[in-house]
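A short write-up of the structure that comes next.
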Amino acid sequence: MPTAVLTDHERTAVQAYLRLLQTVRAAMDAAPGTGRPPVVPPAALAEAERALAAAGLAGNEEAFFRLLHTWCPEAG
């Protein structure tokens, strides 16, 4: 388990991103052969955007992915 200590807002941002990632993966898995593009619910993206903004990471992807990799290496 990583030893980095995240703030509540940072943890929420990482968790929202991981949920968004799982949602996108599920949408991509469901799309092959249907002839339709994958659909990701706007609420999943909005949740991640709100969480990033609350953590002060909106527009700073480099800092966010560094944080993500420290806390959850298999996701980043």
- Supply the atom-to-atom distance Arg66 CZ to Asn60 CG, rounded to the nearest 0.5 angstrom. 7.5 Å
- Query: Around Arg25, counting heavy atoms of other residues, nucleotides and ligands shown, do more than 12 lie under 6.0 Å from its CZ?
  - Reply: no
- Note on the structure: Tested for side-chain contact (heavy atoms from CB on, under 4.5 Å) against Val14, the lone hit among Leu57, Leu52, Thr70, Leu68 is Leu68
- At what distance, to the nearest 0.5 angstrom, does OH of Tyr17 lie from CD of Gln22? 11.0 Å
- Residues two or more places apart in sequence or in another chain: which of them pass side chain to side chain donor-acceptor pair (under 3.5 Å) with Arg11? Asp8
- Task: Hey, could you give me the OG1/CD distance between Thr12 and Glu10, rounded to the nearest 0.5 Å?
- Result: 10.0 Å
- Task: For residues Ala27 and Val39, report the shortest heavy-atom separation together with the two atoms involved.
- Result: CB-O, 3.4 Å
- Those residues that, when tested against Ala48, pass side-chain contact (heavy atoms from CB on, under 4.5 Å) (two or more places apart): Ala16, Leu20
